[in-house]
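Keep in mind it's a predicted model, so treat the numbers as computed, not measured. So you know, we letter chains A, B, ... as the sequences are listed, proteins then strands, and number each from 1.
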Amino acid sequence: MKYVLDRFADEIRSAINTTGRVPPDLIELAEPKANVPADLAFPCFRAAKASNMAPAQLAQQLASAIKISRDSLIGGVEAAGPFLNFTVNRRQLAQNVLAEVGQQGQHFGGDDLGQGQKVVVEYSSPNIARRMHVGHIRSTIIGQSLNNILSFLGYETISDNHLGDYGKQFGTLLAAIEKFGRPEGEGESILAKLEEIYSRYNRLLGSINADDFDADAAGADDTARAWSLKLEQNDPTARELWQWMVQATLQANQRNYDRLAVRFDTQHGESFYADMLPSVLGQVEEAGLAEREAGGALVVKGLPDRNGKELPTFLVQRSDGATLYLTRDIATIIYREQTYHPAKIVYAVDQRQELHFRQVFALTKALGYARDIELVHVPFGTIFGPNGEALSTRKGNMVYLEALLDDAVARAKSIIEQKLSEGKTDLTPEQVAEIAEQVGVGAVIYNDLYQDPKRNITLDWERMLSFEGNSAPYLQYTHARCRSILREAGTLPATCDAQLLEAEQELAVLKQLARFPEAVRRAGGNYAPYVIADWLYTTAREFARFYRDLSVLKAATPELRAARLQLVAATAQALANGLALLGIGAPERM
RNA sequence: GCGGGCGUAGCUCAGUUGGAUAGAGCAUCCGCCUUCUAAGCGGAAUGUCGUGGGUUCGAGUCCCGCCGCCCGCGCCA
């Protein structure tokens, strides 16, 4: 899809090309630094070298050779040393941007580049019978945003919550329920109780490490093993209890998902693929990719990754015959290939799984599957406690998602109430509650999306719940200010003369709006929601300057007022679109 | 040991396939609410871009070495 800045760049390339002085493959455009009074530049170094000329000389020649028609998007061209600088035609830009936002509304910024292609996005993936904690927040928030962005780019996305509902911890859980009784309650409290009896049972086994399942339960407890076996053999009692745990977990998590605007198309847990495992193992062995060791384990050695590097040895089957999650991940890819035929499968999963995914992807491809599927692991860093210490249930410093959201919302509420008492805003109690929810939750989401996901995060409550500067509330506030002006104005004029928007502040906002589509494409291409966050923040700042200097409602003429109102409406729309891609709400007032 | 990630202002981070004077927020200091919401705006101050080489017209960005921090490397997920 071509937006106004795309056409602007096309026109420039074509104009340079028409001069016949630059080979087409050397026409590369770059965005000038902020201090340069130009919108797009052609650095002439390479082209000059090719034609044995000084760069500045070529720039000069090109500048005089290029002719600009009256209705062109190019407003001007000028040589600045070795750079050929182009400025956009302000009037054309204003008209085009306002028309694009006006016509496309909530679709402005979207694209059709993913048309006809499916993408499976796997994220969140919490464990059954456990509360969602900081470890799941990132996957959930980043994954949902990626899903939104890819969908906005025209891909048909299938969001999948790959629940941890399989594995040996369920034997222990069933044994724990048998011993301590089935917990009662509602929502997360029931999960908290399950965690409690689980770790109590683990302590019985002599394990204190209940947090990351590395307890070596071998030989420790026959009961847990027996339950594990029963579950695998579809024993009715075991199945019923397991089913109940799954349901209780889904129900509790759903509340968090609703608050975070997280939606799944499917929630197939690992157990969903259980039937496929024997076949996968058979294929691995048949293909000669793995060796059966004396103990019975099936081991893959020396498998090259996509760069030809040898991967460390890994197991696809334990010596006791059980499968591993790597095996299940392969089955999952095969299922997705056969069911959806996706162009990509995107995993929003912890950075520490990097090797795991290289192994999964390599073995899957080696088996002949997913040949046409781009398998993408989008890794993110770890969240540490305020002092940089690791968070764990064991240490008692774990941060749970629901509590975190509640904290943020409470904080937002008290700030709104303060504004109310200062007479700075006027809201009903219902509105206060609703806005506090959007603002508080938005702050938490934004804290996770405003930077490159690869970075680790050290929790800092002050910053996380900061409502100033580069934060979700600031963006929401800017949106609310726009809406406030539009409310005061009453009806929005149907048409306006966009050419009246000639002030620098207006132009800066218009340019920023025009950059949104490219920001969305870059966010999608790099699996980087922070690109959207960056764009939102810059847009809000530009709008704040406009807001400070130029009155909309008291504009000098009715025509100018109408044009500015359209600009405000477009800004509000674009901000709302960007926030939606991050999963953040845009309240009408604050 | 091998592999992955990170290193930019006191703190938290941006910095497109190499391009023009390295940018924000927070914190600090100084200003701005009779005027569309001050969750805002303006100004001041803050940098051997971890380090040493190399590539070239040009390197925070690419290549190599080194240092520091985090993580991963068969029977957990």
So what does [X] hit on the nucleic acid, given a heavy-atom distance under 4.0 Å: a base, only sugar-phosphate, or nothing?
X: A:D452; value: sugar-phosphate
X: A:A544; value: sugar-phosphate
X: A:N35; value: base
X: A:L29; value: base
X: A:A480; value: base
X: A:A48; value: nothing
X: A:L324; value: sugar-phosphate
X: A:R589; value: base
X: A:K301; value: nothing
X: A:F83; value: base

Quiz item: Angle class for the A:Y273/A:H162 ring planes (parallel below 30°, perpendicular above 60°, tilted otherwise)?
Solution: tilted

Practice problem: Quick one: sort the A:F361 and A:F357 rings into parallel, tilted or perpendicular, breaks at 30° and 60°. | Solution: tilted

So if I take every side-chain heavy atom of [X] and compare against [options], which nucleotide ends up nearest?
X: A:L355; options: B:rC71, B:rC73, B:rG15; result: B:rC73
X: A:I485; options: B:rG40, B:rC36, B:rG72; result: B:rC36
X: A:R455; options: B:rG15, B:rG74, B:rC13; result: B:rC13
X: A:Y547; options: B:rC75, B:rA38, B:rA77; result: B:rA38
X: A:K424; options: B:rC33, B:rG5, B:rC36; result: B:rC33
X: A:R548; options: B:rC75, B:rU56, B:rG42; result: B:rG42
X: A:M590; options: B:rG5, B:rC73, B:rU37; result: B:rU37
X: A:S484; options: B:rC36, B:rG5, B:rA77; result: B:rC36
X: A:E293; options: B:rC75, B:rG19, B:rC36; result: B:rC75
X: A:E270; options: B:rG4, B:rA77, B:rC41; result: B:rA77

Quiz item: How does protein reach along nucleotides 25-32 of chain B, written 5' to 3' as B (base within reach of a heavy atom under 4.0 Å), S (only sugar-phosphate), or - (no contact)?
Solution: S-------

Exercise. Quickly work out the A:E588 CD to B:rU37 P distance and round it to whole Å.
Key: 13 Å

Practice problem: Measure from the side-chain N and O atoms of A:Q566 to the backbone N and O of A:P493, and report whether any donor-acceptor pair falls under 3.5 Å. | Solution: yes

Quiz item: Could A:R481 and A:F543 be counted as a cation-pi pair, given that NZ or CZ must be under 6.0 Å from the ring centre and within 45° of the axis?
Solution: no

Self-check item: Dot-bracket pairing map - RNA chain B, Watson-Crick plus G-U, both contacts under 3.5 Å, | cross-strand
Solution: (((((((..((((.....[...)))).(((((.......))))).....(((((..]....))))))))))))....

